[in-house]
Number of protein chains: 2
Amino acid sequence: MALRIIIFEDNDKLRESLVFLLKNTGDYEVAGDYNNCVDAGNITRVYEPDVVLMDIDMPEVTGIKGVRMVKEARPDTAVIMFTVFEDDEKLFQSLCAGANGYLLKKISPSRLFDAIHEVMEGGAPMSPAIARKVLGSFRQGRTNQYSITARELEVLTMLTKGYSTKMIASDLNISFETARSHLKNIYTKLHVNCGKEAISKALKEHII
Amino acid sequence: MALRIIIFEDNDKLRESLVFLLKNTGDYEVAGDYNNCVDAGNITRVYEPDVVLMDIDMPEVTGIKGVRMVKEARPDTAVIMFTVFEDDEKLFQSLCAGANGYLLKKISPSRLFDAIHEVMEGGAPMSPAIARKVLGSFRQGRTNQYSITARELEVLTMLTKGYSTKMIASDLNISFETARSHLKNIYTKLHVNCGKEAISKALKEHII
DNA sequence: CGAATGATCCCCTATTAGGGGGATTAACTT
DNA sequence: AAGTTAATCCCCCTAATAGGGGATCATTCG
């Protein structure tokens, strides 16, 4: 059975080219093409597409919201962002909204077909530059710019789990005062004034 | 000029196969192959490889640490993880350590060559299942499964910034007791017993 | 119209946390 | 051998937090 595809793209010429391209391979059924995604949720519910190609920069409702609407309507539909934007903001917003792939418009038609098949096989097609950005976002530099010791890291980790000073002390088999000492040192090193700030900083900066 | 490649893989047969495979295409220079990455840092400094293929499960020093050593020695060297592991833990640890790609050992030789070229062109080759996990990690539920109200979200956000109850109250122009009420309701809804746990949960589950 | 909810406010008590000191020991560095 | 650091422990005091009760008022909703 042909893959059912829906396209959201406000550039009429490009959209028509895509429709033409996909239809003429014979492998795809273009179930619809729209120049906006105002009604993306209902469209998805009605046509139950396998794949959605989603532009980002569209009037009224952006493709970012579009992804969210499609995914809420039908989580199994794979959404591939198809855009000229390489900036981090739009990329990560799209991914957070649930996009399954992210292609730059400069890719060749054959790569687009590859990408559609890849996403149907459970993959996540991305243009190389995009994939690099995504992996780069995990990269964590020198974790220890605050020179937190191993012991302090243990204490800090327990703190983020909501342990009280007393619980930390008993779990580590040290006295209450020692645990407190560690905490005080941690606060000084992280330049914070309380445990709550320390937890926030530790989690946000991936110290733990 | 041929791409200079170094392989860290403790399975002798597989490693030799890889060396054979890469050498016989003529496009690659295998500058070294090792069954452990104890000395990965120095090896990288000496041979300055373009690409490193890194197994994860190795005796003494794991490939995760191996990536870190290679990247510290020479950030420009692209490191591709080459492993049987699909579990989230090892995947994300590798990415955090700075891996540029993540391939499962079941891929075909031709795909391996593709991946090596892709990583040299600034991409981030990943097996489809891996790419899906990576993108999935950005996905945020947005379900508000804890039915936190708008006001509570304000309070929770301030809490994660380390604000005390008193500060929250004055910033929101409400009484101390009201702020405290909100906090108590938040703790109940998040099923936690203190502010520290609430902050942890809010940040980890992207509630804020 | 009542019921439910969200936001506001109050009281009481026990525990916890935070800031300020200071001290000892073992291990590693210079 | 002297110095540094990490880890351990102790005391005092004040402020903040958590858990347990309630209460009022407006809005939303069936």
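Chain A is the first sequence line, chain B the second, and so forth, proteins listed ahead of strands; every chain is numbered from 1.
Listed for the A:Ser127 side chain is no donor-acceptor partner under 3.5 Å among the backbone atoms of A:Ile130. Distance alone, capped at 3.5 Å, is enough to place a donor-acceptor pair between the A:Lys133 side chain and the A:Glu86 backbone.
Nucleotide C:dA7 holds its P atom 11 Å from the CG atom of B:Leu153, rounded to whole Å. Straight-line distance from the CD atom of A:Glu177 to the C1' atom of C:dT16: 13 Å, rounded to whole Å. Between A:Lys166 atom NZ and C:dA14 atom P there is a gap of 14 Å when expressed in whole angstrom units. Spacing between atom CG of A:Asn185 and atom C1' of C:dG19 amounts to 13 Å, rounded to whole angstrom units. Separating the CD atom of B:Glu154 from the P atom of C:dA7 is a distance of 9 Å, rounded to the nearest angstrom.
Nearest-nucleotide positions on DNA chain C place B:Glu152 closer to the 5' end than the other of A:Tyr187 and B:Glu152. If you find the closest nucleotide of DNA chain D to B:Ser181 and to B:Cys194, the one lying nearer the 5' end belongs to B:Cys194. If B:Lys196 and B:Ala150 are placed on DNA chain C by their nearest nucleotide, the residue sitting closer to the 5' end is B:Ala150.
Looking at heavy-atom distances under 4.0 Å, A:Phe176 makes no contact with the nucleic acid at all. Nucleic acid contact class of A:Asn193 (heavy atoms, under 4.0 Å, all strands): sugar-phosphate only. When heavy atoms are screened at a 4.0 angstrom cut-off, B:Ser164 is found touching the sugar-phosphate backbone but no base atom.
Close to C:dC10, at under 4.0 Å from its OP1 or OP2, lies no side-chain N or O of B:Arg180. In terms of phosphate contacts, A:Lys184 brings no side-chain nitrogen or oxygen within less than 4.0 Å of OP1 or OP2 of C:dG20. Using a 4.0 Å cut-off, some side-chain N or O of B:Ser175 falls inside it from OP1 or OP2 of C:dC9.
Aromatic ring centres of B:His206 and B:Phe138 lie farther apart than the 6.0 Å criterion allows.
Using a 30° and 60° split on the angle between ring planes, B:Tyr34 and B:Phe8 fall in the parallel class, below 30°.
Remark: of the listed residues A:Leu112, A:Asn11, A:Ile5, A:Leu112 is the sole one forming a side-chain contact (heavy atoms from CB on, under 4.5 Å) with A:Leu18.
Closest heavy-atom contact between B:Ala99 and A:Leu135: O-CD1, 3.7 Å.
More than 12 heavy atoms of other residues, nucleotides or ligands sit less than 6.0 Å from atom NZ of B:Lys204.
Of all nucleotides in DNA chain D having an atom under 4.0 Å from a heavy atom of chain A, the first and last in 5' to 3' order are D:dA6 to D:dT17.
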